[in-house]
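First the structure, in the form of structure tokens, and then the observations on it.
Each ligand, and each atom within it, is numbered from 1 in the order the structure gives. We number each residue from 1, following the sequence as shown.
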Amino acid sequence: MGNKTYYITTPIYYPSDNLHIGHAYTTVAADTMARFKRMKGYDVWFLTGSDEHGQKIERKAKEAGKEPLEYVDKIVANFKHLWKALHISNDDFIRTTEERHKKVVQAIFKKIYDQGDIYKSEYEGWYCTPCETFWLERQLKEGNCPDCGRPVELLKEESYFFRMSKYADRLLQHIEENPDFIQPETRRNEMISFIKQGLEDLCVSRTTFKWGIPVPIDQKHVIYVWFDALTNYISALGYGEDNSKFDKYWPADLHLVGKDIVRFHTIIWPAILMAAGIELPKKVFGHGWLLLEGGKMSKSKGNVVDPLVLIEKYGVDAVRYFLLREMPYGEDGYYSEDALIERINTDLANDFGNLVSRTTAMIEKFAEGVIPSPGQEEPVDRELIELAEQTPREVERQLERFDLSNALGAIWKLVNRTNKYIDETAPWALARDPAKRSRLNTVLYNLAEALRVVTVLCTPFMPTLPDKVWQQLGLQEFKDIHTWDSTMRWGGVPGGTKIQRGPAIFPRIETKEKGGEAGEAPSGKEEKRQQEKQKEFISIEEFSRLDLRIAEVLEAENVPKTDKLLKLKVKVGEEERTVVAGIAQYYRPEELIGKKVVVVANLQPAKIRGITSEGMILAAVGDEQLGVLTVEKDLPSGAKVR
Ligand code: MSP
């Protein structure tokens, strides 16, 4: 029985400039999907490549004083280097200057020409060279390219035309009958309305420059670069030559593209395929753009961010995590180095990294460095186990709809639940009581197992992460519990495994301290330090303005749609008040009822999530814990704290 196959492609990139972090998104996203499908047992074919012909490249080469091929060779080598650094697991890399590609493009052109769907005429109209796109007068935006806003050129030249208009009705029908063909929904709607405005025949050859694949029946012409480029998806499979790969993998399961090129992939490409009598791809997904705070990334603005520099500085897994987490489903996302550091410090160093270090530290300290076998299960364990069992399904559901950000969100819900489980079960307290040995064993086992599940689920997103975790947990050799399916069954980690603590998996990134900007004169720094110091003291009068009171918690409940907030009803003397406190990750509501806590009673009331909070609960905050302030003796509610 043959395996299920999965064919996924990225666009082929123009080697006109080096690639920036925005380009890297498409490839990292496709790679994550390819890795996920491989883990699910699919026979995956993952294709990327370079789109090397056209007027734009010819001009760039000329500017650089080079032959086009010489010019692109170097850039394509850089692409390949970048994909390696990003751990992209592509099965093939197609260059449109390769013979295997040119042959197929010419054969398809000839086939469509022979059946009368390509004819010779004259093109008179506009052209955007950076986008390599023909435009009608009515489509221009203030005289410029409607896609990129740059100036267009007026062309008048003999050209071959593809009868695209002939396929408009069939195409519309296909899109309407196959809701999955274009995703997300918004892009689908855009394409439907574009087609409904009427499709013109498409100019598919040029004569005013040379850098392209010659039209097979007329050597004066070169084939339009998009006709050439789109065909890569089947030329790379050897279409019409040796069809074995084509028969196995076509139609593609997913063409992943940026939103700017959805139109080429869902209108021009399917029309060419229909004319050539080839099945259409199953799905085209148009993702959003990664933008900079100030707008688009572009070489001309000099604001391109080099992914190699970021990988060098922060590591490949962190860069991949950021890209995949930060791009919301189908929409634009924003890049800034601060946002990247924030993700690293919060999600990776704090949430994930601490889970690894706390778990291994406790196994070392309380169980002689050996993952114990679990004992009796308690309700708090069940809650964790149930979430761990649901998470793989939820991650799969999100991945199937290509919502990579929410797939990571689902994994992080489990990471955070596991961190909370540590606080709830307090293993350090269990370790002090020999009678609680079995309970302690269960807790430590569950932590190791939850960490295993999380790590397996992270594998497609962060390919170098698992080895580091397996090493620390001593699980390198247990390959059968590294598989996707093994996450569906709780209890994979073998009890008795010796762990080996290691360095922090995601070290925190130290940011510049406030007031310590480089280049500042030492005297200025000193002055600032003194001022800061002054600020550290308050007078007794200032302190006495605070009205701190003992309050008894009468009721507590979670605030809906947040995982941080609790709504408490407290009694301060005779008065009852509502207080919203950000402690839900550390306390279950029922744990607080009856507790006598300390509140700031004269704090200006504030509305939080629609609830008026009349005071603030005081709590001590550590790196990994939070504890509300209580008093040692049983004092009545309303008692003043001084
Ligand atoms: N050569 C064409 C594709 C031909 S496919 C048959 C092309 N190349 S490109 O190099 O300009 O872009 C490649 C991919 O990178 C596109 O999917 C594009 O949307 C994507 N991105 C370019 N800049 C981007 C961001 N700032 N953010 C996210 N993706 C971006 O188009």
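Judged by the 6.0 Å distance and 45° axis criteria, Lys37 is positioned over the aromatic ring of Tyr42.
Around NZ of Lys110, the count of heavy atoms belonging to other residues, nucleotides or ligands within 6.0 Å does not exceed 12.
Phe46 has its side chain within reach of Ile88: a pair of non-hydrogen atoms, C-beta onward, lies under 4.5 Å apart.
Scanning for side-chain contact (heavy atoms from CB on, under 4.5 Å) contacts around Asn243 gives Tyr239, Phe246, Asp247, with sequence neighbours left out. In this structure Lys313 satisfies the side chain to side chain donor-acceptor pair (under 3.5 Å) test together with Glu337, sequence neighbours excluded.
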Only pairs under 3.5 Å count here: list side-chain donor-acceptor contacts from residues 262-276, not counting sequence neighbours, and write none if there are none.
{"residue": "His265", "atom": "ND1", "partner": "Ile261", "partner atom": "O", "Å": "2.9"}
{"residue": "His265", "atom": "NE2", "partner": "Tyr233", "partner atom": "OH", "Å": "2.7"}
{"residue": "Thr266", "atom": "OG1", "partner": "Val262", "partner atom": "O", "Å": "2.8"}
{"residue": "Trp269", "atom": "NE1", "partner": "His255", "partner atom": "NE2", "Å": "3.2"}

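Closer than 4.0 angstrom to ligand 1 by heavy atom are Pro11, Ile12, Tyr13, Tyr14, His20, Gly22, His23, Thr26, Asp51, Trp226, Ala229, Leu230, Asn232, Tyr233, Val257, Gly258, Asp260, Ile261, His265, His287, Gly288, Trp289, Leu290, sorted by chain and number.
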